[in-house]
Amino acid sequence: MERKLDELLFALMQNMTIAVSGEKLARDLGVSHSTLVRWIDKLRAAKVEIRGELFTGYRLTRVPDVLLPQLLRSRLRTGRLGRSLYHFYSVDSTNGFAMRLLMHGRSVPDGTLILAESQTAGRGRMGRTWHSEPESGLYLSIVLRPTVSPGFAPLFTLACAVALHAAVHRITRLDVDIKWPNDLLVGRKKVAGILAEIQADLDRIHFLVIGAGLNVNHKALPEDLADRATSLRLVSGHPHSRLDILLDFLERFEALIDRFQSEGPETIVSEWTRHSSFAVGRRVQITDGLRTAEGITRGLNSFGALRVETASGRIEELYSGEVRDWE
Ligand code: BTN
């Protein structure tokens with residue numbers, strides 16, 4: 001279904017200046033008039049502006065900012081990431097969809113990318129939700145099947161943060177920070193978050209689903225988020241290409257994973273450390289559900305845990321949790 005909507009939108013984008021008759025569109029797509037009308041309605045519901053009717057012809061009234069697979073594929077320079085691709089106008093959660101695919105035993109190649117224009121139940125860390133309005137953000141999940149032991153799994157989410165950080169910086173030139181473990185901040189406000197889900201046994205990762213949400217072109221955020229979150233557009237004052245950021249991110253993420261598999265964790269650890277103000281010498285309080293550690297950060301270990309030196313001089317190593325500045 002979503003693939004058909006992509007085809008219809010792509011056809012309309014090839015004919016931006018003249019109206020294409022509904023009859024021709026229906027014929028080209030091999031569907032009945034009533035199906036075409038239904039699909040046009042679905043695209044309109046996804047905020048695509050289409051003028052016209054079945055018999056006079058349809059025309060887009062502006063170029064929609066949709067991450068069409070046809071556009072993405074023509075510019076994709078990765079070997080694996082994004083080569084298998086699902087694109088939704090709306091889905092409950094890209095992570096949820098990925099998990100369902102994997103659980104139902106479908107063939108899901110390493111690097112499969114699931115993209116959504118909007119999510120109705122976007123999931124955040126710690127059981128929170130992720131605000132996912134259409135045309136504004138990047139909402140994506142990537143399925144990875146790395147051949148390393150599960151202990152290294154956190155490094156993949158750190159690598160995702162590093163790649164996203166670099167892509168955002170390159171495309172927007174904004175000053176971005178990585179808040180441990182993997183949020184992106186501009187100023188003190190959050191612009192991106194990462195949610196990883198894993199299925200593994202003790203010595204093997206079956207798969208990892210790494211979900212990332214990036215606030216790109218939101219003109220405003222809901223009141224309850226506005227004091228903690230922002231978008232790239234809100235900070236820079238102008239919109240940014242979601243597609244450019246996505247393509248740059250995918251390339252960098254793949255390169256980092258490849259370097260990890262060939263050279264070990266050092267690249268990820270050092271890149272993360274270079275770009276996070278939380279890595280070294282920061283006074284923090286971290287709660288991971290079991291314990292709260294307070295102290296000064298002393299970098300990451302090679303599994304991606306944050307080392308915190310407490311008042312007694314002991315080093316605590318934490319893999320996940322909530323971090324706060326400790327006054
Ligand atoms: C966080 O709480 O900071 C993590 C947010 C992760 C949100 C992304 S959006 C795409 C993917 N699908 C989801 O349901 N969640 C992640």
Side-chain angles (χ1 to χ4, degrees), residues 2 67 72 81-82 85-103 108 111-144 153-154 156-165 167-168 176-186 188-199 207-218 221-222 224-232 242-243 245-246 249-250 253 272 276 278 286-289 306 319-324:
E2 305 284 325
L67 298 163
L72 194 136
L81 260 55
L85 171 64
Y86 293 82
H87 172 246
F88 291 94
Y89 289 84
S90 177
V91 71
D92 54 349
S93 148
T94 55
N95 268 37
F97 177 80
M99 294 301 278
R100 289 198 293 277
L101 270 186
L102 289 154
M103 295 305 178
V108 188
T112 295
L113 170 66
I114 297 115
L115 274 178
E117 301 297 331
S118 68
Q119 299 181 114
T120 52
R123 312 210 286 242
R125 288 173 68 226
M126 321 263 174
R128 298 188 189 116
T129 56
W130 187 259
H131 175 70
S132 316
E133 64 183 81
E135 281 210 355
S136 308
L138 277 175
Y139 316 112
L140 63 92
S141 299
I142 295 173
V143 177
L144 297 178
F156 290 87
T157 58
L158 298 177
C160 180
V162 167
L164 203 53
H165 173 278
V168 169
V176 194
D177 191 11
I178 309 178
K179 179 180 172 193
W180 185 81
N182 38 43
D183 290 349
L184 294 194
L185 305 183
V186 180
R188 296 181 79 86
K189 291 189 176 178
K190 178 160 165 170
V191 290
I194 292 168
L195 174 73
E197 301 182 52
I198 182 170
Q199 202 194 70
F207 57 76
L208 273 168
V209 174
I210 302 201
L214 173 67
N215 299 339
V216 184
N217 289 326
H218 300 63
L221 281 143
D224 55 324
L225 293 177
D227 60 330
R228 293 171 277 135
T230 188
S231 76
L232 303 176
R242 293 183 304 148
L243 186 59
I245 298 174
L246 173 64
F249 158 71
L250 290 172
F253 192 21
W272 191 94
S276 172
F278 287 78
I286 301 180
T287 313
D288 73 357
L306 185 65
Y319 285 91
S320 66
E322 286 285 282
V323 63
R324 272 196 282 147

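Count residues from 1 along the sequence. Hydrogens, waters and symmetry mates play no part in the numbers below; they use all other heavy atoms, side chains included. Atoms within each ligand, like the ligands themselves, are counted from 1 in listed order. Fair warning: this is a prediction, and the values are worked out from it, not measured in the lab.
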Exercise. Looking at ligand 1, does Met126 have a heavy atom less than 4.0 Å from it?
Worked result: no
Problem set entry | Any N or O of Arg123 closer than 3.5 Å to N or O of ligand 1 | yes
State the atoms of ligand 1, each with its element, that fall below the 4.0 Å cut-off from a heavy-atom position in [X].
| X | result |
| --- | --- |
| Gly193 | 3 (O), 4 (C), 5 (C), 6 (C) |
| Ser93 | 12 (N), 13 (C), 14 (O) |
| Trp130 | 3 (O), 5 (C), 7 (C), 9 (S) |
| Gly122 | 14 (O) |
| Ile194 | 3 (O), 4 (C) |
| Asp183 | 3 (O) |
| Leu140 | 10 (C), 11 (C) |

Exercise. So, do Lys179 and Val323 sit near enough that their side-chain heavy atoms are less than 4.5 Å apart?
Worked result: yes
For this session: Could you tell me whether the side chain of Ile178 reaches within less than 4.5 Å of the side chain of Asp183, counting heavy atoms only?
Result: no
Exercise. Is Arg128 touching ligand 1 with its side chain, its backbone, both, or neither, if touching means heavy atoms under 4.0 Å apart?
Worked result: neither
For this session: May I ask you to identify, for Ala212, whether its side chain, its backbone, both or neither come under 4.0 Å of ligand 1 on a heavy-atom basis?
Result: backbone
For this session: Fit a plane to each ring of Phe97 and Phe88, take the angle between them on a 0 to 90° scale, and name the class: parallel (under 30°), tilted (30 to 60°) or perpendicular (over 60°).
Result: perpendicular
Problem set entry | Ser136 side chain to Asn217 side chain, donor-acceptor N/O pair below 3.5 angstrom | no
Exercise. Taking atom types as modelled and ignoring hydrogens, do the side chains of Thr157 and Asn182 form a donor-acceptor contact shorter than 3.5 angstrom?
Worked result: yes
Minimum-distance protein heavy atom relative to [atom]:
| atom | value |
| --- | --- |
| atom 11 (C) of ligand 1 | Thr94 OG1, 3.2 Å |
| atom 9 (S) of ligand 1 | Gln119 NE2, 3.3 Å |
| atom 2 (O) of ligand 1 | Arg125 N, 2.7 Å |
| atom 3 (O) of ligand 1 | Lys190 NZ, 2.6 Å |

Problem set entry | For His87, all residues meeting side-chain hydrogen bond (donor to acceptor under 3.5 Å, both in side chains), sequence neighbours excluded | Asp6, Glu117
Seminar exercise, completed: Contacts of Ser132 meeting side-chain hydrogen bond (donor to acceptor under 3.5 Å, both in side chains) (sequence neighbours excluded), chain-then-number -> Gln119
For this session: For the pair Ser93 (side chain) and Asn95 (backbone), establish whether a donor and an acceptor sit closer than 3.5 Å, ignoring hydrogens and angles.
Result: yes
For this session: Mind running side chain to side chain contact (heavy atoms under 4.5 Å, CB included) on Leu144 and Phe253 for me, showing each step along the way?
Result: CA-CA 11 Å; Leu144 297 178; Phe253 192 21; 4.1 Å; yes
For this session: Could you go through the side chain to side chain contact (heavy atoms under 4.5 Å, CB included) check for Tyr319 and Leu306 one step at a time?
Result: CA-CA 6 Å; Tyr319 285 91; Leu306 185 65; over 6 Å; no
